[in-house]
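Accompanying notes for the structure given below.
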Amino acid sequence: MYGLVDAVSFYASAEKVFDPKIRNKPVVVLTNNDGCICAVCPIARRLGIPKFTPYFQVKSLLDKHGVIVRSSNYELYADLSERMMNVMSRFCDNQYIYSIDESFLHFDNFDSYVKDWHEYGHKIRKAVWKETRLPVGVGFGTTLTLSKAANHAAKKLSGFNGVAVISDEMSRMAILDKMKVCDIWGIGGKISQRLKQQGIHTAAQLANELPKHIGNQFNVVVERTVNELNGVSCLSWDEVQSPKKEIFSTRSFGQRITDVVALRTALVTHASIVAKKIRKQSSLVKKIMVFASNSPHDDLYYKQAIVYSFSMATDNSCHLANAIDKVINSIFSEGVKFYRCGVGAITLESKAFIQPDLFIPNQSNPALMQCLDKINQRYGDGMLTLGSAGHDDKWQMRRQFLSPQYTSQWSDIPKIRC
Amino acid sequence: MYSIVGFYMKVIPIYAEAGISGFESPAAEYKELGLSLDQLLIKHPNATFIGQASGHSMKGIGIFDGDILIVDRSLSVKNGDVIVANFNGCFVCKLIDKTQARLLSASSAFAPVSITPEDEFTVEGVVTRSIRLHHKSPELIACMG
């Protein structure tokens, strides 16, 4: 049996944990730069607050309903995520954390221990709620895809109270029948459009297709999904966690930038973010793309992108910053009011298969980078940066509605009235 | 020699060295034997949070304004426990009287408060430790104001 446990609108729920004032209020959380709504708590959802809409478009709607708005408090979410994952790990010896707010569980030989999966699911929900004050949904299924479908049912379909189980033919068809193809794990927007054109609207209909037939029409991934929907396990941990092939960091500026130093500072910051993400997935970068532009709506559109190749693949922030130094003069142009810039790692290699070069000394400094990452994890991003990334905040993230860092800053711990 | 850092007060042992190269400290192999305040004070790390007392109603049981409270959410509440509750949208620290559904202070200056069905009330956890900072801590000064 597989399980998928995930938090109900995690960011919004996390905001409520240490702020009892807003427990029973509608809460939304905004993305980076306070741009879009990325999480809507159930109370706000019932008010019809849409997800993924730009904040400024719904501002009056939010004001009208007295909705509490928060910026993304990643420090708080990371801490609560770890606690939540640890609590659920007590219930299964094989856990795979899939994202910040969801975790797969693989129950091998649990049949003699767990007699009733519904009851077991509620046990997990209760424990996570009691110990972390985060609401979670639990889905069980005989494959990863079915556990994901059950989880969807647990949270979105009526008649399920946060737990759903697909353990036999009846429970499988009951859930798949009510599920749209676009809600199936691994079926993207384009594929679900094409399936609809063929008259396949529900998950149950897709499950009834011949896997080989679907495989020929689409690809092997969709073929596997059909198998998985029929209870045939095709996916394993290793396949669901493939590292990213490209990593980008890019953002538009709060104010236009016209001098070379400010542009360099912004690019080095993006390079540092990219380097950190590369280290996180244990990759190395061979080629980066550095780009900057003004707005396409400007009179004269200016865009410059340069690809820089490292002699040896690296994950060192300093190496990426040096690369910025080498290309900055080719990117900058006098008189251009820069609106946007970014850095992308376009050729990534696995650290496990690194090919050393006899004539180039290995200059990576893993100890320094580890130290950098640890300090920033502990005291918040941006605590320790490269000198060339500066401390100018023109380009920095806007987090106007940020809540306190209740669990990672002594000065922010919750006050308790006596 | 040790230093206390961070939220969970992990004690990081630092080598005791003689400071002469080539002469290793005889204590080097004991470096793992530091005392951890976390180990002593926090039984359920995932279910525990740290807060700060504000106010004078719990003096009678030794909780003073500015004390650090360690709150364990995983324990079940027994009558007479010191608890932290969400009472009408505010975290409060009180003694719980389960038989009469009341929140009791530990000071004669504060009357008991009855919990009515109209009140928003949830137990947030049991206060398992309280810590007095006899010297002011720079990390906490910001929140004492």
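A note on names: the letters A, B, ... follow the listed sequences, proteins ahead of strands, and every chain is numbered from 1. Please read all numbers here as calculations on a predicted model, not as lab measurements.
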- Query: When only pairs under 4.5 Å are counted, which of A/Arg417, A/Lys25, A/Met85 shares the most heavy-atom pairs with chain B?
  - Reply: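 Heavy-atom pairs under 4.5 Å are most numerous for A/Arg417.
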
Which answer fits [X], side chain, backbone, both or neither, if we ask what part of it has an atom under 4.5 Å from a heavy atom of chain A?
| X | result |
| --- | --- |
| B/Val92 | both |
| B/Ile68 | side chain |
| B/Glu124 | both |

Just by distance, no angles: are the side chains of [X] and [Y] close enough, under 3.5 Å, to form a donor-acceptor pair?
| X | Y | result |
| --- | --- | --- |
| B/Ser54 | B/Gln52 | no |
| B/Lys43 | B/Ser74 | no |
| A/Asn94 | A/Asp108 | no |

- Task: State which residues pass side-chain contact (heavy atoms from CB on, under 4.5 Å) with A/Val69; sequence neighbours excluded, sorted by chain then number.
- Result: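 For A/Val69 the side-chain contact (heavy atoms from CB on, under 4.5 Å) partners, ignoring immediate neighbours, are A/Val28, A/Leu30, A/Tyr55, A/Leu62, A/Phe401.
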
Counting heavy-atom pairs under 4.5 Å with chain A, which one of [options] comes out on top?
| options | answer |
| --- | --- |
| B/Thr122, B/Asn86, B/Asp67, B/Asn88 | B/Asn86 |
| B/Ser57, B/Ser107, B/Ala85, B/Gly125 | B/Ser57 |
| B/His44, B/His56, B/Glu120, B/Lys59 | B/Glu120 |

- Message: I'd like to know if the side chain of B/Arg129 reaches the main chain of B/Leu41, judged simply by a donor and an acceptor atom lying under 3.5 Å from each other, with no hydrogens or angles considered.
- Response: yes

- Item | Heavy-atom donor-acceptor pair, A/Lys415 side chain to A/Ile413 backbone, under 3.5 Å |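 Yes; at least one donor-acceptor contact below 3.5 Å.
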
- Message: Quick check: under 4.5 Å, non-hydrogen atoms only, which of residues 8-19 of chain A neighbour chain B?
- Response: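 Counting heavy atoms that sit under 4.5 Å from chain B, the residues of residues 8-19 of chain A involved are A/Val17, A/Phe18.
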
- With sequence neighbours excluded, what pairs up with B/Phe87 under the ring-ring contact (aromatic ring centres under 6.0 Å, His included) test?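 Listed in chain order: nothing, the list is empty.
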
- Residue list, salt bridge (charged side-chain N to carboxylate O under 4.0 Å, His left out) with A/Arg125, at least two apart or on another chain: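 Residues passing salt bridge (charged side-chain N to carboxylate O under 4.0 Å, His left out) with A/Arg125: none at all.
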
- Message: Would you say the rings of B/Phe49 and A/Tyr406 are close, in the sense that their centroids are separated by under 6.0 Å?
- Response: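 Distance test on ring centres: not under 6.0 Å, no.
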
